Enquirer: 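Provided herewith is a single structure, encoded as structure tokens, for subsequent inquiry.
Computed from heavy atoms alone, side chains included, the values below leave out hydrogens, waters and symmetry copies. Everything numeric here is computed off the predicted structure, so don't read it as measured data.
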Amino acid sequence: CSGVGNLPSKMATPAKAERIELTAVSGLRFFATAFMVMGRAIENLWIDEGTDAHFLTTTVCSGLHTGAKDMVSFYFMLSGFTMCWGYLNRDFESDEVRWRYWIRRFVRFYPDFAISSILTYCFKHPYFFGCHDYGWWSAISNASSLLLFSAWYRFIPGSGYRNGPVWFIVTLFWLWIIFPYLLAPVRATFRNSSWSNFLIKFALLWFISLVPWAFITEENINYVRWALRCFPPLRIPEFVMGMALAIRVSQDRREQNEEGGRVSDEKQLKPRHLANVLPLGVTVACLGYYLFKVMTWPSDCSCLPSSFLHCFGWFEVFDTKFSPLHAMMIYAVTTLDVNAVVQGGAGVSKDSVVEKVGLLGSWTWQFLTWGPFVTVGGWGLPIFLYQTSVNTCLQAFLVDVGWGLKSRCETQNFTLGYAWFYWVSHVLGAYVVAWLMNEDGLIGKHIHGWVKTITPKNA
């Protein structure tokens, strides 16, 4: 596979399973991010009031919109996994260690967060490209969101973000903050657990994550649902599920090494062998469900329906409904990564995956570790943060040059061809800006380079 040659050099000599670079996870992140980017981009087709592009503006949009909601929960779990994987054998007992960790996390995301929030607020102001004045309360709320406390009072009417996707980053920031306090108890709870005990504990976490969503009703859904989605404590179960998976994968690897590659053991069915079929199985299950939602979408519902329960259904209220499927995917892909490491630390190999997991798993690993998937998979943060600004500027540009858009604020009729162009241009625009703004990008490297010069040396 061409992607193998692009794997990071630090994979060549992993001393422990915990230090293995999870390259296939970056490939997995590429597809999860693409799903969300396409879903958010296609929502901009609300402006089309015609019927020519109905297939795209309603049929395709309803499926992407439904799936994009689930990808948020997937990302909370994946973040818990990657954080725990990177710090599995670290201790956060001292204030000095915790502060170094917090500073590193803060300086990595906050510059892009602040820049994108300010840009989006300005671009959406009527003085620039905005459609209406949001009022003083919105200005105060969005300004205070720069302090990163807005996730705690999202239940207050009018406290939404002008830059919509940042709600996820703000909530995730608070999970990063409490991570040092979660690591030790989660490690004590899940380390050295048998598979049966692990699954029982994981199922309990899943049940806990489902409980808050059961209190949503048709009367309160418009404000309670978003308050629950943004509230950091309610996202802890998903985050901890990811941490538990990291501990499980590490334990599997350790037990596998202790077996010493005995032939008799290798012939027995092990949990890692499930990684041979789980990625494909989970993908088929999820895509089948979203296809079902598209086929059963009510005829009187648009892509951005005003009646959530009527259009999406009660089942869609539960953000964490697919947590077991997300866990299977994360476990399988990370298991492929750790089994790609050749015994003795002599690099990585698809043959190692074939031997330890299976042929289908090897194909999956090669596919996910293709260089472009791995590279673009690392651009998630700038994509999330800048996509709203990109959308607004692109729409203003199309209006100014007269490329089929009369106004970005008033509905009009689109042809199917123009609707495709409108959607794809929004998607490509998001990736171009992410390429510019990521830590190694033409612009991003200067921003992050400057931030490093003012960051304490011991952080």
Side-chain angles (χ1 to χ4, degrees), residues 29-48 53 56-76 78-79 112-113 115-117 119-121 123-124 129-131 142 145 154 160-172 225-226 229-230 286-287 290 293-294 297 301-306 308 311-312 316 319 376-377 379-398 405 408-409 414 419-438:
R29 190 182 288 115
F30 165 82
F31 289 99
T33 302
F35 210 113
M36 296 181 71
V37 171
M38 291 189 296
R40 286 171 177 157
I42 204 170
E43 290 171 6
N44 290 279
L45 283 169
W46 68 267
I47 200 171
D48 174 37
L56 198 63
T57 60
T58 300
T59 305
V60 176
C61 186
S62 61
L64 285 174
H65 191 185
T66 304
K69 296 191 297 82
D70 294 330
M71 287 302 104
V72 173
S73 180
F74 171 82
Y75 259 102
F76 280 123
L78 183 61
S79 180
D112 289 306
F113 169 78
I115 293 171
S116 64
S117 296
L119 287 177
T120 303
Y121 180 84
F123 291 158
K124 286 195 169 185
F129 315 125
C131 299
N142 278 269
S145 70
R154 183 63 179 81
Y161 303 98
R162 195 78 60 89
N163 185 9
V166 304
W167 77 265
F168 164 74
I169 301 298
V170 174
T171 301
L172 184 59
R225 178 172 170 267
W226 272 106
R229 298 192 84 193
C230 297
C286 290
L287 292 181
Y290 299 136
K293 293 297 293 184
V294 167
W297 192 252
C301 291
S302 65
C303 179
L304 297 176
S306 57
F308 185 93
C311 297
F312 284 98
E316 286 299 318
D319 266 25
V376 181
W379 298 352
L381 184 63
I383 288 177
F384 291 146
L385 293 176
Y386 289 104
Q387 187 176 6
T388 301
S389 297
V390 173
N391 292 344
T392 304
C393 291
L394 177 61
Q395 293 156 16
F397 171 78
L398 294 176
L405 195 63
R408 65 171 302 270
C409 304
F414 284 176
W420 277 105
F421 162 76
Y422 191 75
W423 176 38
V424 172
S425 62
H426 280 71
V427 173
L428 294 179
Y431 278 101
V432 168
V433 172
W435 170 66
L436 293 172
M437 300 302 295
N438 77 88

Enquirer: Mind checking ring pair (Phe, Tyr, Trp, His ring centres under 6.0 Å) for Phe31 and listing every partner two or more places apart, or none if nothing turns up?
Expert: Phe367, Phe373

Enquirer: How far apart are the C-alpha atoms of Met36 and Val72, what are their side-chain angles, what is the distance that settles it, and do they pass the side chain to side chain contact (heavy atoms under 4.5 Å, CB included) test?
Expert: CA-CA 8 Å; Met36 296 181 71; Val72 173; 3.6 Å; yes

Enquirer: Just jot down the salt bridge (charged side-chain N to carboxylate O under 4.0 Å, His left out) partners of Arg229, sequence neighbours excluded, or say none.
Expert: Asp319

Enquirer: Mind checking the CZ-OG spacing from Phe123 to Ser116? Nearest 0.5 Å is all I need.
Expert: 11.0 Å

Enquirer: Who passes side-chain hydrogen bond (donor to acceptor under 3.5 Å, both in side chains) against Asn163, sequence neighbours left out?
Expert: Thr388

Enquirer: If you measure from CZ on Arg162 to OG on Ser389, what distance do you get to the nearest 0.5 Å?
Expert: 11.5 Å

Enquirer: Would you check if Leu405 and Ile47 make a side-chain contact, meaning some heavy-atom pair closer than 4.5 Å?
Expert: yes

Enquirer: Partners of Phe168 by ring pair (Phe, Tyr, Trp, His ring centres under 6.0 Å), sequence neighbours excluded?
Expert: Phe76, Phe384

Enquirer: From Leu428 CG over to Phe421 CZ, what is the distance, rounded to the nearest 0.5 angstrom?
Expert: 9.5 Å

Enquirer: Between Asp48 and Tyr422, is any pair of side-chain heavy atoms under 4.5 Å apart?
Expert: no

Enquirer: Return the set of residues passing ring pair (Phe, Tyr, Trp, His ring centres under 6.0 Å) with Trp46 (not counting sequence neighbours), or none when no residue passes.
Expert: none

Enquirer: List for me each residue that meets ring pair (Phe, Tyr, Trp, His ring centres under 6.0 Å) alongside Phe312, sequence neighbours excluded, and say none if there are none.
Expert: His65, Trp297, Phe308

Enquirer: Can you confirm whether Trp435 is buried at CH2, in the sense that more than 12 heavy atoms of other residues, nucleotides or ligands lie under 6.0 Å from that atom?
Expert: no

Enquirer: What I'd like to find out is whether the side chain of Leu394 reaches to under 4.5 Å of the side chain of Ser425, using heavy atoms alone.
Expert: yes

Enquirer: Which pair of heavy atoms, one from Gly39 and one from Leu64, lies closest together, and at what distance?
Expert: CA-CB, 3.9 Å

Enquirer: Mind checking salt bridge (charged side-chain N to carboxylate O under 4.0 Å, His left out) for Asp70 and listing every partner two or more places apart, or none if nothing turns up?
Expert: Lys321

Enquirer: Kindly write out the residues that satisfy disulfide (SG to SG under 2.5 Å) with Cys393, not counting sequence neighbours, or none if the list is empty.
Expert: none

Enquirer: So which heavy atom on Gly377 is nearest to which on Arg29, and how close?
Expert: O-CD, 3.1 Å

Enquirer: Can you measure from CZ (Phe35) to OG1 (Thr66) and round to the nearest 0.5 angstrom?
Expert: 8.5 Å

Enquirer: Under the rule for side-chain hydrogen bond (donor to acceptor under 3.5 Å, both in side chains), what residues qualify as partners of Tyr75, not counting sequence neighbours?
Expert: Thr33

Enquirer: Looking only at side-chain N and O atoms, does His426 offer a donor or acceptor that is under 3.5 Å from a partner on Gln387?
Expert: no

Enquirer: Quick check for you: to the nearest 0.5 Å, what is the distance between Cys61 atom SG and Trp423 atom CH2?
Expert: 9.0 Å

Enquirer: Run the side-chain hydrogen bond (donor to acceptor under 3.5 Å, both in side chains) test against Ser79 and tell me which residues pass, sequence neighbours left out.
Expert: Trp176

Enquirer: Quick one: closest heavy-atom pair of Cys230 and Thr171, and the distance?
Expert: O-OG1, 2.8 Å

Enquirer: What's the shortest heavy-atom distance between Val294 and Ser62, and which atoms?
Expert: CG2-OG, 3.9 Å

Enquirer: Determine whether Arg408 and Cys131 make a side-chain contact, defined as any pair of heavy atoms from C-beta on separated by less than 4.5 Å.
Expert: yes

Enquirer: Taking the side chain as every heavy atom from C-beta outward, state whether Val166 and Ser117 have any atom pair closer than 4.5 Å.
Expert: yes

Enquirer: Might you point out which heavy atoms bring Arg40 and Asn391 nearest each other, and give the distance in Å?
Expert: O-ND2, 4.5 Å

Enquirer: Not counting sequence neighbours, which residues clear side-chain contact (heavy atoms from CB on, under 4.5 Å) with Val376? List them please.
Expert: Phe30, Trp379, Tyr431

Enquirer: I'd like to check the side-chain contact (heavy atoms from CB on, under 4.5 Å) partners of Ile115; sequence neighbours left out, ordered by chain and number.
Expert: Leu119, Tyr386, Ile447

Enquirer: Kindly compute the distance separating CZ (Phe129) from OG1 (Thr392), expressed to the nearest 0.5 Å.
Expert: 8.5 Å

